[in-house]
2 protein chains.
Amino acid sequence: MIDEDVLAGHQQELRRGTVVMAALATLETPGYGYGLLAVLEHSGLSVDANTLYPLLRRLERQGLLEAEWDTTESRPRKMYKTSDSGRALLKRLESEWNALAGSLNNLRTTDPRKALKELP
Amino acid sequence: MIDEDVLAGHQQELRRGTVVMAALATLETPGYGYGLLAVLEHSGLSVDANTLYPLLRRLERQGLLEAEWDTTESRPRKMYKTSDSGRALLKRLESEWNALAGSLNNLRTTDPRKALKELP
DNA sequence: ACACGATACTGTGTCAGACACACTATTGTC
DNA sequence: GACAATAGTGTGTCTGACACAGTATCGTGT
């Protein structure tokens, strides 16, 4: 039996970085927080609103997203779009992701300790 | 230009959950902390010692690893091995990982906002 | 006419995990 | 005998996830 709380914790740890990638990728075409929430939910990457909003502000503060209040309609929306830095970071994160996938796969298919001893 | 500190932060966020998977997978054949450190380093998944040791204790506390002091040699080593729960959790995390990869790929190849509007 | 849920956010607090730093103790090497 | 490598523990600090509470607007039903 698996402790569901423990599982949930580790699953969330796994998701952590991916939400940033998803946000940067999605906001290459501008959008706002609440809408992004629905997009991510629909694509199977469910994020808590209380997690996403602070995340967006942080990405803005880091210069990875550009933000601007859209007040043309009565309900104000904070529009975000991925900046050049954001796009650059996304690329780096994607290659990091691929590297991680490779490392994990490597660990599963070969005996890592054996490989260590057989170093040149 | 990318802020290297920001990049390092997000890369670490990405790595977070994967170290748990790597540990559970590697320790299906028993091993100890310091050795695991070298194995992970060698397979491209570098982890800080100050991160790995507490992680191993936490996984032990959660019943995902079984631990036992090996005092047959003069230098004592804490031997860890993946428990049944650990193996079960690893499987769940691997399918979660694959799901995340699918979601991310989905976001990149299709226009997610368009897909949202075209729901049945 | 107005209650209620959905939309769209901000702000404050709590808790867990990553890492820095400091420490103990042994083994091998120069 | 100094010093790096091995193999760990313990005690901070800081950041991010999420809970909870609050603000304000819009749409729908009754």
Side-chain angles (χ1 to χ4, degrees), chain A residues 3 5-23 27 30-42 45-62 64-65 67-80 113 116, chain B residues 3 5-23 27 30-42 45-62 64-65 67-80 113 116:
Chain A
D3 182 331
D5 287 353
V6 169
L7 172 63
H10 288 290
Q11 277 179 334
Q12 189 221 315
E13 294 276 290
L14 254 193
R15 251 191 301 268
R16 275 180 90 114
T18 64
V19 179
V20 172
M21 280 200 284
L27 293 175
Y32 58 98
Y34 198 86
L36 180 58
L37 212 57
V39 170
L40 294 182
E41 178 73 24
H42 174 248
L45 234 163
S46 57
V47 194
D48 195 297
N50 294 312
T51 299
L52 186 63
Y53 284 124
L55 174 67
L56 291 175
R57 286 179 238 161
R58 184 159 41 96
L59 294 179
E60 183 194 359
R61 184 163 28 92
Q62 295 175 338
L64 304 169
L65 292 178
E68 191 181 344
W69 279 100
D70 176 6
T71 48
T72 56
E73 289 169 56
S74 59
R75 192 200 301 277
R77 290 167 166 181
K78 199 168 182 179
M79 295 297 287
Y80 291 97
R113 266 169 290 261
L116 242 194
Chain B
D3 183 332
D5 287 352
V6 168
L7 171 64
H10 287 290
Q11 276 179 335
Q12 189 221 313
E13 293 277 289
L14 253 194
R15 250 192 301 270
R16 274 180 90 114
T18 64
V19 178
V20 172
M21 278 198 285
L27 294 175
Y32 60 99
Y34 197 86
L36 181 58
L37 213 56
V39 169
L40 295 182
E41 180 73 23
H42 173 250
L45 234 162
S46 57
V47 195
D48 195 296
N50 293 312
T51 300
L52 186 64
Y53 284 124
L55 173 68
L56 290 175
R57 286 177 238 162
R58 184 158 42 94
L59 294 179
E60 183 194 359
R61 184 162 29 92
Q62 294 175 339
L64 304 169
L65 293 178
E68 189 181 346
W69 280 98
D70 175 7
T71 48
T72 56
E73 289 168 56
S74 60
R75 192 200 299 280
R77 289 167 164 179
K78 199 168 181 178
M79 296 296 288
Y80 291 96
R113 267 169 290 261
L116 242 195

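Values reported hereafter were calculated over all heavy atoms of this structure, with side chains retained and with hydrogens, waters and symmetry mates removed. Below, read A as the first sequence line, B as the second, and so on, with proteins coming before strands; counting in each chain starts at 1.
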Rounded to the nearest 0.5 Å, how far apart are [atom1] of [X] and [atom2] of [Y]?
X	Y	atom1	atom2	answer
B:Thr18	B:Leu45	OG1	CG	4.5 Å
B:Tyr53	B:Asp48	OH	CG	11.0 Å
A:Asn50	A:Leu55	CG	CG	12.5 Å

Exercise. Got A:Leu56 and A:Leu27 here, is their nearest side-chain heavy-atom distance under 4.5 Å?
Worked result: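 Yes, side chains in contact.
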Between [options], which nucleotide has the shortest distance from any of its atoms to the side chain of [X]?
X	options	answer
A:Tyr53	C:dT10, C:dA6, D:dG8	C:dT10
A:Glu13	C:dA18, C:dT10, D:dG8	C:dA18
B:Arg77	C:dT26, D:dT6, C:dA18	D:dT6
B:Lys78	C:dA20, D:dT9, D:dA17	D:dT9
B:Arg16	D:dT9, C:dA8, C:dA18	C:dA18

Measure from [atom1] on [X] to [atom2] on [N] and round the result to the nearest Å.
X	N	atom1	atom2	result
A:Leu36	C:dA8	CG	P	12 Å
B:His10	D:dT15	NE2	P	13 Å
B:Trp69	C:dT26	CH2	P	13 Å
A:Asp70	D:dT25	CG	C1'	15 Å
A:Glu73	C:dC9	CD	P	12 Å
A:Glu68	C:dC9	CD	C1'	17 Å
A:Leu55	C:dT10	CG	P	13 Å
B:Leu14	D:dT15	CG	P	19 Å

Exercise. Is the shortest side-chain N/O distance from B:Tyr32 to OP1 or OP2 of D:dA7 below 4.0 Å?
Worked result: yes
Exercise. Are OP1 or OP2 of C:dT26 and a side-chain N or O of B:Ser74 less than 4.0 angstrom apart?
Worked result: no
Quick one: closest heavy-atom pair of [X] and [Y], and the distance?
X	Y	result
A:Lys78	A:Ala67	CE-CB, 4.0 Å
A:Pro54	A:Ala49	CD-O, 4.1 Å
B:Gly33	B:Leu52	O-CD2, 3.7 Å

For this session: Please tell me which of B:Tyr34 and B:Ala49 maps to the more 5' nucleotide of DNA chain D, matching each residue to the nucleotide holding its nearest heavy atom.
Result: B:Tyr34
Seminar exercise, completed: Judged by nearest nucleotide, the residue sitting upstream toward the 5' end of DNA chain D, A:Gln12 or A:Pro76, is A:Gln12
Exercise. Should the pair A:Arg16-A:Glu13 be classified as a salt bridge under the 4.0 Å nitrogen-to-oxygen rule?
Worked result: yes
For this session: Using five pairs at either end of the helix from C:dA1-D:dT30 to C:dC30-D:dG1, determine the angle between the two local helix axes and round it to 10 degrees.
Result: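 Computed angle between terminal axes is 10°.
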Exercise. Base, sugar-phosphate alone, or nothing: which one does A:Arg57 contact when heavy atoms must sit under 4.0 Å apart?
Worked result: base
For this session: Go through the steps for B:His42 and B:Val39 under the test side chain to side chain contact (heavy atoms under 4.5 Å, CB included), then give the verdict.
Result: CA-CA 5 Å; B:His42 173 250; B:Val39 169; 5.9 Å; no
For this session: Starting from the C-alpha separation in whole Å, work towards a yes-or-no answer on side chain to side chain contact (heavy atoms under 4.5 Å, CB included) for B:Arg15 and B:Val47.
Result: CA-CA 9 Å; B:Arg15 250 192 301 270; B:Val47 195; 6.0 Å; no
Protein-nucleic acid N or O pairs under 3.5 Å, nucleotides 21-25 of chain C:
from, atom 1, to, atom 2, distance (Å)
C:dC21, N4, B:Asn50, OD1, 2.7
C:dC21, N4, B:Asn50, ND2, 3.4

